[in-house]
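Shown next, in structure tokens, is the structure this report addresses.
Computation of the quantities below employed the complete heavy-atom set of this structure, encompassing side-chain atoms and omitting hydrogens, waters and symmetry-equivalent molecules.
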Amino acid sequence: MSVDVVEEFERHRSRLFGLAYRMLGSAEEAEDVVQDAFLRWRKASTVESPWAWLAKVTANLCVNRLTSARARRESYVGVWLPEPVLTEGGALGPLDSAEQREFVSLAFLVLLETLNPVERAVFVLREAFGYSHREVAEVIDASEANSRQLYTRARRRLAQAGAGAGRRVDRAAPRHLVESFLAAAEHGDLPGLEKVLADDVTVWVDGGGRVGTARRPVSGLSRVARYLVGALNLAGPRVSLSPAEVNGVLGLLARAGEELIGVLVPETSDGRISGIRIIANPDKLRLSHSGALSGSERVT
């Protein structure tokens with residue numbers, strides 16, 4: 001295998017990871033797909049357009065994985081959330097606009113679960129990578145008209161799923177609000193938490209059956225405030241929270257000493273925190289490659 005072949009692939013690796021992660025919602029599986037794409041790449045004969053070839057291979061590998069992933073997630077213990085990714089280093093590509101950030105948010109990745117694998121591929125290629133319908137059609141081996149139909153259906157399903165979940169226009173929490181939340185949470189300050197939480201706030205916690213967390217969403221101002229304080233007290237006095245950019249927005253990393261035990265990502269509506277997604281499943285917190293989180297990695 002020539003050095004040029006490896007170097008050419010490495011030029012596209014980060015972008016391929018971004019594509020696979022948006023498709024799968026799993027950093028670990030995205031890395032596996034990128035590695036599979038590399039194995040196919042090094043066996044390929046002359047390729048006129050490396051990115052187009054690699055993107056097609058990666059997208060189709062993701063479609064195949066999503067088919068089996070859907071069955072696994074249906075039997076998942078408790079709430080399923082995507083694996084969080086630290087994005088300050090550009091792990092998911094440029095996130096310069098609000099729209100780019102929304103498309104990698106945990107909330108939106110959860111909504112993408114309502115699409116079938118091919119619809120998800122079409123939507124991600126169109127919205128996140130700016131593919132034309134002709135280019136999308138080449139990736140999924142379909143007609144341009146079919147690409148348009150799949151895209152329209154995907155947008156309609158996402159709109160219906162969002163409305164069905166009572167989804168507001170959730171925005172990234174501004175730093176001052178996250179800092180107020182952090183101070184109140186660390187001190188077990190219930191009145192302080194209630195000042196920054198919306199009346200209809202909801203918390204989703206992904207423990208994967210591995211740790212003792214709520215297996216259903218917790219909703220309501222008082223219930224959420226008590227749950228958060230109780231969870232932090234249960235975790236012990238050595239727990240600390242620190243800010244970090246997670247999936248394009250400001251989140252919090254929870255550590256017990258040096259060990260990462262959770263990631264909290266707040267969302268706001270009308271100036272208060274209206275939702276918090278918490279990933280506590282250790283399997284989703286132990287990765288360190290391509291921006292995925294590591295239990296031993298210090299990010300402050």
Under a single-linkage definition using a 4.5 Å side-chain heavy-atom cutoff for Ile, Leu, Val, Met, Phe, Trp and Tyr, are L19 and W53 assigned to the same hydrophobic cluster? yes
Apply salt bridge (Lys or Arg N to Asp or Glu O under 4.0 Å) to R255 and E259, showing your working. CA-CA 5 Å; R255 297 183 185 278; E259 180 186 4; over 6 Å; no
Mind checking the CD1-CG spacing from I261 to N281? Nearest 0.5 Å is all I need. 13.5 Å
Applying a strict under-4.5 Å side-chain criterion to I, L, V, M, F, W and Y, I'd like to know whether W51 and L61 cluster together. yes
When you group the ILVMFWY residues by side-chain heavy-atom contacts below 4.5 Å and let the links chain together, are V211 and V205 in the same group? no
Interatomic distance, CZ@R148 vs OG@S143, rounded to 0.5 Å, equals 10.0 Å
Salt bridge or not for R65 and D36, using N-O below 4.0 Å? yes
Separation between CH2 of W80 and CG of D206, rounded to the nearest 0.5 Å: 8.0 Å
Hey, does the side chain of T268 reach the backbone of G271 with a donor-acceptor pair shorter than 3.5 angstrom? no
Got a donor-acceptor contact below 3.5 angstrom from the Q100 side chain to the D96 backbone? yes
Is a donor from one side chain sitting under 3.5 angstrom from an acceptor on the other, for T202 and S219? yes
Contact between F38 and V57 at the side-chain level, heavy atoms closer than 4.5 Å - yes or no? no
For the residue pair S26 / E83, report whether a side-chain donor-acceptor contact shorter than 3.5 Å exists. yes
For L81, does its backbone N or O pair with a side-chain atom of K284 as donor and acceptor, under 3.5 Å? yes
Would you give the length of the straight line joining atom CD1 of I140 to atom CG of L125, rounded to the nearest 0.5 angstrom? 8.5 Å
Which atom of G248 lies closest to which atom of L95, heavy atoms considered: CA-CD1, 3.7 Å
Indicate yes or no: at least one non-hydrogen side-chain atom of D283 is less than 4.5 angstrom from one of R210. yes
Say whether, by atom type as modelled, one donor and one acceptor occur between the side chain of T87 and the main chain of G90 under 3.5 angstrom. no
Counting C-beta onward and ignoring hydrogens, is there a side-chain heavy-atom pair between L193 and D189 closer than 4.5 Å? no
Give, for atom NE2 of H133 and atom CG of N146, the distance between the pair rounded to the nearest 0.5 Å. 11.0 Å
Check whether any side-chain heavy atom of D32 sits under 4.5 Å from a side-chain heavy atom of Q35, and report yes or no. no
Grab the two heavy atoms, one from T114 and one from A161, that are nearest each other, plus how far apart they are. CG2-CB, 3.7 Å
Can you check salt bridge (Lys or Arg N to Asp or Glu O under 4.0 Å) on D141 and K56, steps first, answer last? CA-CA 10 Å; D141 292 323; K56 179 173 182 175; 2.9 Å; yes
Quick one: does N247's side chain have a donor or acceptor within less than 3.5 Å of a partner on P84's backbone? no
R15, CZ atom: more than 12 neighbouring heavy atoms under 6.0 Å: yes
Side chains of Y151 and E127, donor plus acceptor under 3.5 Å: yes
Non-hydrogen atoms of L260 and A254 that approach each other most closely: CD1-O, 3.4 Å
Do L66 and L111 sit in one hydrophobic cluster, given that two such residues count as connected whenever their side-chain heavy atoms are within less than 4.5 Å of each other, even indirectly? yes
Taking the six-membered ring of Y131 as reference, does the cationic atom of R126 (NZ for Lys, CZ for Arg) lie under 6.0 Å from its centre and within 45° of its axis? no
When you look at L112 and F108, which way does the side chain to side chain contact (heavy atoms under 4.5 Å, CB included) test go after all the steps? CA-CA 6 Å; L112 286 179; F108 198 78; 3.9 Å; yes
Looking at R40, I want to see if its CZ is surrounded by more than 12 non-hydrogen atoms of other residues, nucleotides or ligands under 6.0 Å. no
Any donor-acceptor N/O pair, E119 side chain to N116 backbone, under 3.5 Å: yes
Can you confirm whether E179 sits close enough to R175 that some side-chain heavy atom of one is under 4.5 Å from a side-chain heavy atom of the other? yes
Picking from V110, V203, V79, V263, what satisfies side chain to side chain contact (heavy atoms under 4.5 Å, CB included) with R277? V110
Between CD on residue E113 and CG on residue L24, distance to nearest 0.5 Å: 9.0 Å
Side chain to side chain contact (heavy atoms under 4.5 Å, CB included) between E245 and L250: does it pass, once the steps are laid out? CA-CA 5 Å; E245 185 181 297; L250 186 61; 5.9 Å; no
Would you call the rings of F123 and F103 parallel, tilted or perpendicular, taking 30° and 60° as the class edges? perpendicular
Using atom types as modelled and distance alone, determine if a side-chain donor or acceptor of T67 lies under 3.5 Å from a backbone N or O of V63. yes
Is any side-chain heavy atom of W204 closer than 4.5 Å to a side-chain heavy atom of V218? no
Any donor and acceptor pair, going by atom type alone, linking the side chain of R120 with main-chain N or O of M23 inside 3.5 Å? yes
Is T213 close to Y227 at the side-chain level, that is, under 4.5 Å between some pair of heavy atoms? yes
For a side chain to side chain contact (heavy atoms under 4.5 Å, CB included) check, start with the C-alpha distance between S274 and V201, then their side-chain angles and the critical distance, and finish with the verdict. CA-CA 4 Å; S274 56; V201 61; 5.6 Å; no
Please find the pair of heavy atoms, one from T58 and one from A20, that lie closest to each other, and give the distance. CG2-CB, 4.1 Å
Test your reading of the model: is there a side-chain donor-acceptor pair from E194 to the backbone of A225, 3.5 Å cut-off? no
Which heavy atom in W41 sits nearest to a heavy atom in P50, and how many Å separate them? CH2-CB, 3.7 Å
Quick one: do L92 and R22 satisfy side chain to side chain contact (heavy atoms under 4.5 Å, CB included)? Show the steps, please. CA-CA 9 Å; L92 296 178; R22 288 169 173 85; 4.1 Å; yes
Would you say N60's side chain and V139's backbone share a donor-acceptor pair under 3.5 angstrom? yes
State yes or no: do L190 and I276 share one hydrophobic cluster built from I, L, V, M, F, W and Y residues joined by side-chain heavy-atom distances below 4.5 Å, directly or via other members? yes
Minimal heavy-atom distance between P266 and V178, with the atoms involved, is CG-CG2, 4.4 Å
Is any side-chain heavy atom of L16 closer than 4.5 Å to one of Y21? no
